[in-house]
Amino acid sequence: MSKNKNSFIDFFASVKLALFVLFFLAVSSIIGTVIPQKKPPEAYIELYGDNMAKLFQVLDIPDMYNSWWFILLLGLLCLNLIVCTIKRLPNVWRMVTLDNLTTDLSRLGKMKERKTYHPSGSINEAASQVKNSMTSCGWKSSETEREGGILLFAQTGPWSRLGVYVVHASIIVIFIGAMIGSYFGYKGSMMIPETTSKDTIFEFGTGKPLKLDFSILCERFILTRYDTGAPKEFLSDLVVLEQGKEVLRRSIEVNDPLHYKGHTFYQSSYEPYNKFLVTLTNNNTAQSERFLAEPGKEVKWKMGQSDITYGIINRQATNEPGVLNYKIWFDDESGEPSTFWILDGGSVSVPRGDTDYTFTLKEFFATGLQVTKDPGVWYVYIGCILMLLGLTAAFFVSHRRIWVFISNEDGKSQVLVSGTSNKNSLAFEKTFEKLTNKIDSDLSA
Amino acid sequence: MTSSQLLGISTLGYLLASAVYIATFIFKTKKSGIIGTFIILLTFVIQTVGIGLRWYESYEMGYGHAPMSNMYESLVFFSWSIIIFYILLEMKFKNRLLGAFAVPFAFVSMAYASFGKGINQEINPLIPALQSNWLIAHVVTCFIGYAAFAVACGLGIMYLMKATSDNKSTESLMSTLPDLKVIDDITHKTIIFGFLWLTGGIITGAVWANSAWGTYWSWDPKETWSLITWFIYAATLHARFTRGWQGKRIAWLAIIGFFAVMFTYFGVNFLLSGLHSYGSS
């Protein structure tokens with residue numbers, strides 16, 4: 001029974017399984033980059049024929065990264081990482097926390113890096129000298145009395161042995177973050193016409209409406225262009241409303257979202273309506289009104305005794321790409337109607353007899369926001385940082401250990417310096433040489 | 001002087017350096033290697049100034065962005081990364097013969113940037129999605145990784161050439177190359193270095209995607225292929241660390257891994273669709 005259990009654990013802890021899973025993840029991931037993902041079933045029939053499309057549906061190919069077998073592979077990778085860590089960590093931990101002053105002395109004489117010296121002084125004098133030499137080379141040593149002599153020990157980077165397990169743990173942390181995100185978070189979108197507010201998100205994929213407990217008002221959407229005509233920036237002036245009251249005001253751009261109550265609102269698209277937001281102000285009475293005007297249609301505003309009528313009657317390109325100039329026809333029943341040009345987003349003063357009007361015009365848009373709630377994202381980020389730290393420790397920091405045993409051999413002092421490093425032995429060779437040269441010159445001084 | 005002139009000169013410089021390094025290897029004229037190093041250093045300075053100037057020119061044009069935004073600029077930066085990585089490698093391991101297997105990658109990248117079909121060399125304004133400080137962090141981390149993998153591939157080829165030469169004439173040619181053990185060691189270290197930076201590149205990409213779209217991972221073909229590449233090198237490192245693979249096997253894996261890198265870099269842009277479509281513009 002226990003033998004079976006061991007072989008079971010061995011299988012799930014094995015590097016063979018890790019290599020197998022990594023290989024299959026790599027190969028199967030290719031499928032989803034070649035075959036279009038998340039398309040309607042008809043698209044696959046058209047592209048690959050009836051039978052292939054059926055086979056794809058059976059194997060979940062159209063959404064393979066969320067398919068049972070791909071998740072199973074990822075799960076297998078996690079299981080492999082966890083079991084392997086449980087199996088190996090205790091031994092590694094023992095190595096990290098090991099009291100190296102109790103090392104079997106016979107091992108010291110067999111290490112690859114070792115040097116022996118015979119100083120003239122007593123072993124106590126030699127020990128304090130060696131200790132100083134080690135300190136000046138950056139090795140902080142501890143010491144103990146052992147049978148027939150004194151043992152000094154110093155080490156660097158014992159914790160680096162944990163690096164690889166930190167990397168393994170970081171992958172698990174990232175998966176946990178991803179699971180939290182997929183169970184407790186959602187992604188959706190909302191389209192908010194300028195000057196209106198919305199509180200409903202439509203979830204991606206399902207189209208399910210999700211109601212927020214606050215609402216978002218889009219005051220203004222602006223699209224700017226480069227002189228080539230390519231879009232330069234999409235910008236929305238947003239206001240967060242709680243029970244109709246303004247609590248936060250912020251402009252968002254692509255790459256600069258709004259965060260509020262665990263939700264993030266990203267600028268993702270826009271929709272033009274071929275309509276115009278017009279504000280008309282009577283500067284004498286300070287009366288003002290906002291309209292949604294369509295080109296070629298008359299708009300009327302009853303103000304006092306006089307009826308104001310205006311319309312957008314023509315448009316013209318300007319030198320600035322994407323910016324248009326609009327011709328307005330304007331009448332307030334006091335003499336001949338006026339006509340004037342106004343730039344998109346501009347403001348024009350209209351003098352009419354004793355009355356002065358201000359006329360502003362801006363193309364009317366709806367801003368398209370992508371909304372996400374992902375409480376798992378911080379776990380993912382922490383996992384990423386852990387992974388980089390773990391990789392750095394695992395690859396570039398080695399566990400180096402130096403022992404010096406100073407003993408009395410036939411009435412003479414003997415100093416045996418030996419050392420090991422768990423990786424990058426070439427670099428350690430040089431470090432060891434530097435240290436032993438220093439010890440040698442200090443002892444013979 | 002304009003940036004495109006300077007970058008044109010660097011293309012020639014890397015061609016010349018490749019020729020000198022390869023000649024040094026074939027004719028066993030150790031001294032000519034010094035000329036190779038000199039040309040490389042000079043060309044590297046010219047190319048660096050060229051990239052800096054292009055950056056400046058983009059501000060002059062009113063766009064103002066780091067020269068890392070389209071296929072042309074990325075190829076120039078790829079060759080720049082290969083060269084800086086190679087220079088450091090040459091200094092660390094004091095061996096010029098590596099140059100014959102590394103510098104040609106930089107030349108090919110520059111030549112493709114200069115003469116490749118459909119490569120647009122103009123400075124274009126950045127689309128809103130690319131206007132982020134993460135652009136530089138993401139591109140730099142990815143390309144340092146790519147550069148290291150390119151050099152690892154060159155080293156893998158070097159290893160296989162030396163390991164498979166069996167007749168007398170090639171044997172004497174190969175004798176100038178470092179010991180197999182040394183090549184193997186440098187290949188391994190280069191892969192480790194590349195792997196760390198590739199990991200950083202994937203992470204900076206994920207953080208950027210999350211700050212731009214709210215999704216740190218969306219199985220976009222570029223993301224998926226970078227992960228496939230990561231799996232391949234992760235498997236390579238496990239095979240070496242725990243199963244003791246070395247020599248020819250690691251050399252082959254260095255070459256296979258680089259194919260995955262190349263597909264992530266070019267294949268995805270030209271053959272597949274997705275957010276990283278800078279190659280098709």
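Since we're looking at a predicted model, the values are computed, not measured. Just so it is clear: chains get the letters A, B, ... in the order the sequence lines come, proteins before strands, and each one is counted from 1.
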With a 4.5 angstrom heavy-atom cut-off, is it the side chain or the backbone of A:Q370 that approaches chain B, or both, or neither?
side chain
Part of B:S132 lying under 4.5 Å from any heavy atom of chain A
both
Between A:V27, A:L19, A:L426, which shows the greatest number of heavy-atom pairs under 4.5 Å with chain B?
A:L19
Identify whether the distance between the nearest side-chain nitrogen and carboxylate oxygen of B:D184 and B:R240 falls below 4.0 Å.
yes
Part of B:L126 lying under 4.5 Å from any heavy atom of chain A
both
Are any of the side-chain heavy atoms of B:E57 and B:I123 separated by less than 4.5 Å?
yes
Region of A:F265 that comes under 4.5 Å of a non-hydrogen atom in chain B:
neither
Chain A contact via B:T229 - which portion, at a heavy-atom distance below 4.5 Å
neither
Please determine, among A:V377, A:T392, A:I385, the option with the most heavy-atom pairs under 4.5 Å with chain B.
A:V377
Please look at A:Y381 and chain B and tell me whether the side chain, the backbone, both or neither of the residue comes under 4.5 angstrom of a heavy atom of that chain.
side chain
Note: A:F204 and A:G188 closest approach over all heavy atoms is CZ-O, 3.6 Å
On the six-membered ring of B:W245, is B:R249 placed so that its NZ or CZ lies under 6.0 angstrom from the centre and within 45° of the ring axis?
yes
From the list A:T264, A:V371, A:V164, A:T372, the residue making the most non-hydrogen contacts under 4.5 Å with chain B is A:T372
Over all heavy atoms of both residues, which pair between B:L198 and B:S226 is shortest? Give the atoms and the distance, please.
CD2-O, 4.2 Å
Checking heavy atoms, do the side chain of B:W217, its backbone, both or neither come under 4.5 Å from chain A?
neither
Under 4.5 Å from a heavy atom of chain B, the part of A:S268 involved:
neither
For A:A178, which atoms come within 4.5 Å of any heavy atom of chain B: side chain, backbone, both, or neither?
both
Least distance between heavy atoms, B:Y233 atom then B:F258 atom
OH-N, 3.1 Å
So, are A:K187 and A:E203 salt-bridged, with charged N and O less than 4.0 Å apart?
no
